[in-house]
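The structure appears right after this line, and notes come after that.
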Amino acid sequence: MVLKVSTWNINSVRMRMPLVERFLSLENPDVLCLQEIKCREAEFPSSSFKKLGYQHIAVNAQKGYHGVAIVSRFPLDAIERQEFCNKGDARHISAQIDTGDHGSFIVHNLYVPAGGDIPDPGLNEKFLHKLNFLDELKLLSPSWSSATVPSIITGDLNVAPSEFDVWNHKSLLKVVSHTTEETRRLNEIMARGNWLDAMRAITPEPEKLYTWWSYRSPDWSAANKGRRLDHIWLCPKYAPNISAMRILKDARSWEKPSDHVPVTIDLT
DNA sequence: ATGGTGGTCCTACCA
């Protein structure tokens with residue numbers, strides 16, 4: 001048996017529920033982590049997910065902005081919502097997923113702040129917030145990684161860590177998402193918990209990997225100016241279980257798409 | 001160097 005876990009920044013779950021349903025019928029994941037649901041908890045389309053066999057749902061929502069959710073074919077326990085930077089933003093939810101035969105694991109679903117446009121924490125408080133958020137995540141990383149149950153970190157981390165995660169390393173060093181201040185922090189978070197970058201375990205560098213293409217690019221596909229902002233990490237005891245990874249790039253050309261595409265891993 | 005697009009919710013804000 002293979003366990004399938006997907007992540008997708010959906011940029012409004014209400015607007016894009018038809019695309020989510022299309023994705024679920026194509027990929028049929030056991031667990032789907034969504035970011036930027038952009039709705040209140042009562043507005044989350046739970047009944048649509050339940051009809052499709054996803055009976056177990058955990059949401060951390062706020063009106064209009066951000067918001068994350070875990071939808072699952074298996075029961076969710078120990079649901080937690082971590083607060084970062086005393087902001088009250090809905091940017092994290094975690095749950096323990098009991099698969100039965102396949103054991104239990106914990107998923108941490110994250111939506112890291114995008115960080116605004118100016119990559120200077122003195123001039124741009126959104127960038128400062130992003131750096132502070134990553135610093136807090138670094139402190140949590142070892143305990144999340146060493147939980148008694150195997151753990152996954154996934155979501156829109158809004159950082160493209162390596163030169164092979166962006167279309168142009170040199171020019172993007174000055175662009176929020178690929179600055180040294182951000183990539184150093186992401187690498188520290190990963191190192192503190194000995195997390196495995198599951199996407200790179202399957203598709204090593206120097207092959208380019210992207211999960212996001214800007215809406216502002218008139219011909220995103222031909223230009224292919226992508227970045228890998230979405231991630232799936234495995235704690236050391238879960239790392240040997242990775243067997244496959246797929247980025248559904250096609251979803252970027254579906255009608256009224258998200259600017260992010262879904263990423264799925266198979267776990268044995 | 002600039003502006004390019006899209007979602008929320010109704011006036012800018014966020015990405």
Side-chain angles (χ1 to χ4, degrees), chain A residues 7-23 33-45 48 59-69 83-92 109-121 123-134 137 154-161 165-168 170-179 181-183 186 210-231 249 251-263:
Chain A
T7 183
W8 196 4
N9 178 321
I10 195 61
N11 187 21
S12 172
V13 70
R14 288 175 293 171
M15 170 140 302
R16 279 181 247 290
M17 198 56 201
L19 302 191
V20 174
E21 294 186 10
R22 184 171 172 182
F23 169 69
C33 294
L34 294 168
Q35 304 86 36
E36 282 207 271
I37 59 173
K38 290 189 172 176
C39 64
R40 300 175 183 90
E41 181 154 10
E43 298 164 331
F44 189 79
S48 300
V59 178
N60 186 8
Q62 69 184 83
K63 182 183 175 184
Y65 300 111
H66 322 316
V68 290
E83 168 128 15
F84 286 83
C85 305
N86 290 315
K87 290 274 274 188
D89 286 350
R91 295 184 179 274
H92 167 270
N109 179 18
L110 279 163
Y111 176 50
V112 173
D117 288 331
I118 304 165
D120 181 336
L123 297 175
N124 171 10
E125 67 180 35
K126 289 183 198 142
F127 191 66
L128 176 63
H129 176 215
K130 184 177 195 175
L131 298 182
N132 289 339
F133 191 105
L134 293 170
L137 188 55
T154 190
D156 177 4
L157 304 185
N158 260 318
V159 180
D165 298 329
V166 292
W167 66 277
N168 186 317
K170 207 170 171 183
S171 66
L172 282 166
L173 279 171
K174 300 186 196 75
V175 175
V176 172
S177 72
H178 193 59
T179 66
E181 284 179 291
E182 294 162 87
T183 59
L186 207 74
Y210 307 142
T211 64
W212 174 90
W213 293 262
S214 173
Y215 284 128
R216 297 177 190 178
S217 182
D219 190 348
W220 73 273
S221 185
N224 198 24
K225 295 181 175 179
R227 305 177 204 169
R228 185 169 72 111
L229 303 180
D230 303 276
H231 299 270
K249 187 179 179 183
R252 186 62 180 78
S253 43
W254 292 353
E255 194 177 350
K256 298 280 277 178
S258 170
D259 45 356
H260 296 251
V261 297
V263 182

Counting the atoms with a prime plus P, OP1 and OP2 as sugar-phosphate, which does A:R252 contact under 4.0 Å by heavy atoms, base, sugar-phosphate, or nothing?
nothing
How long is the straight-line distance from SG of A:C85 back to NZ of A:K130, given to the nearest 0.5 Å?
12.5 Å
Between A:R14 and B:dC9, is there a side-chain N or O to OP1/OP2 distance below 4.0 Å?
yes
Just how far, in rounded Å, is C1' of B:dA15 from CH2 of A:W213?
17 Å
A:D89 CG to B:dC14 C1', in whole Å, measures 11 Å
Give me the distance, rounded to whole Å, that separates B:dG7 from B:dG3 when you measure between the P atoms they each carry.
22 Å
Salt bridge (charged side-chain N to carboxylate O under 4.0 Å, His left out) partners for A:R22, two or more places apart
none
B:dT8 P sits how many Å from A:I37 CD1, rounded?
12 Å
Anything under 3.5 Å between a protein N or O and an N or O of nucleotides 5-7 of chain B, put it in a table, one pair a line.
{"from": "B:dT5", "atom 1": "O4'", "to": "A:Y215", "atom 2": "O", "distance (Å)": "3.2"}
{"from": "B:dT5", "atom 1": "N3", "to": "A:R216", "atom 2": "NE", "distance (Å)": "3.4"}
{"from": "B:dG7", "atom 1": "OP1", "to": "A:R16", "atom 2": "NH1", "distance (Å)": "3.4"}
{"from": "B:dG7", "atom 1": "O3'", "to": "A:S12", "atom 2": "OG", "distance (Å)": "3.3"}

Nearest whole angstrom, please: distance from the C1' of B:dC14 to the CD1 of A:I118.
15 Å
For a quick test of reading the model, state the closest non-hydrogen atom pair linking A:V261 to A:K249 and the distance between them.
CG1-O, 4.0 Å
Can you check the A:W212 CH2 to B:dA15 C1' distance for me, whole Å?
9 Å
Side-chain polar contacts of residues 60-69 of chain A - donor-acceptor pairs under 3.5 angstrom, sequence neighbours left out - could you list them?
{"from": "A:N60", "atom 1": "ND2", "to": "A:H92", "atom 2": "O", "distance (Å)": "2.8"}
{"from": "A:Q62", "atom 1": "OE1", "to": "A:A90", "atom 2": "N", "distance (Å)": "2.6"}
{"from": "A:H66", "atom 1": "NE2", "to": "A:R91", "atom 2": "NH2", "distance (Å)": "3.2"}

Take atom NE2 of A:H66 and atom C1' of B:dC14, then tell me their distance rounded to the nearest Å.
7 Å
Between A:D117 and A:V176, is any pair of side-chain heavy atoms under 4.5 Å apart?
no
Side-chain donor-acceptor contacts of residues 9-17 of chain A below 3.5 Å, not counting sequence neighbours, with atom names and distances?
{"from": "A:N9", "atom 1": "OD1", "to": "A:N11", "atom 2": "N", "distance (Å)": "3.2"}
{"from": "A:N9", "atom 1": "ND2", "to": "A:E36", "atom 2": "OE1", "distance (Å)": "3.1"}
{"from": "A:N9", "atom 1": "ND2", "to": "A:D156", "atom 2": "OD2", "distance (Å)": "2.9"}
{"from": "A:N11", "atom 1": "OD1", "to": "A:K38", "atom 2": "NZ", "distance (Å)": "2.8"}
{"from": "A:N11", "atom 1": "ND2", "to": "A:Y215", "atom 2": "OH", "distance (Å)": "3.0"}
{"from": "A:S12", "atom 1": "OG", "to": "A:M15", "atom 2": "N", "distance (Å)": "3.1"}
{"from": "A:R14", "atom 1": "NH2", "to": "A:K38", "atom 2": "O", "distance (Å)": "3.2"}
{"from": "A:R16", "atom 1": "NE", "to": "A:I10", "atom 2": "O", "distance (Å)": "2.8"}
{"from": "A:R16", "atom 1": "NE", "to": "A:N11", "atom 2": "O", "distance (Å)": "3.2"}
{"from": "A:R16", "atom 1": "NH1", "to": "A:K256", "atom 2": "O", "distance (Å)": "2.8"}
{"from": "A:R16", "atom 1": "NH1", "to": "A:P257", "atom 2": "O", "distance (Å)": "3.2"}
{"from": "A:R16", "atom 1": "NH2", "to": "A:N11", "atom 2": "O", "distance (Å)": "2.8"}
{"from": "A:R16", "atom 1": "NH2", "to": "A:Y215", "atom 2": "OH", "distance (Å)": "3.4"}

Whole-Å distance between B:dT2 C1' and A:D117 CG?
12 Å
Between A:C39 and A:G116, name the one whose nearest nucleotide on DNA chain B is closer to the 5' end.
A:C39
Do the side chains of A:W167 and A:L172 get nearer than 4.5 Å, heavy atoms only?
yes
Ranges pairing with ranges for DNA chain B, where each run has three or more Watson-Crick or G-U pairs under 3.5 Å
B:5-8 with B:12-15
Testing A:R228, A:E182, A:R227 one by one against A:S177 for a side-chain hydrogen bond (donor to acceptor under 3.5 Å, both in side chains), which residue passes?
A:R227
Pairwise P distance for B:dG6 and B:dC10, with rounding to whole Å
22 Å
I'd like the C1' distance from B:dA15 over to B:dC9, given in whole Å.
16 Å
Atom-pair distance (NZ on A:K130; P on B:dC14), nearest Å
15 Å
In chain order, what residues pass the ring-ring contact (aromatic ring centres under 6.0 Å, His included) check against A:F127, with sequence neighbours excluded?
none
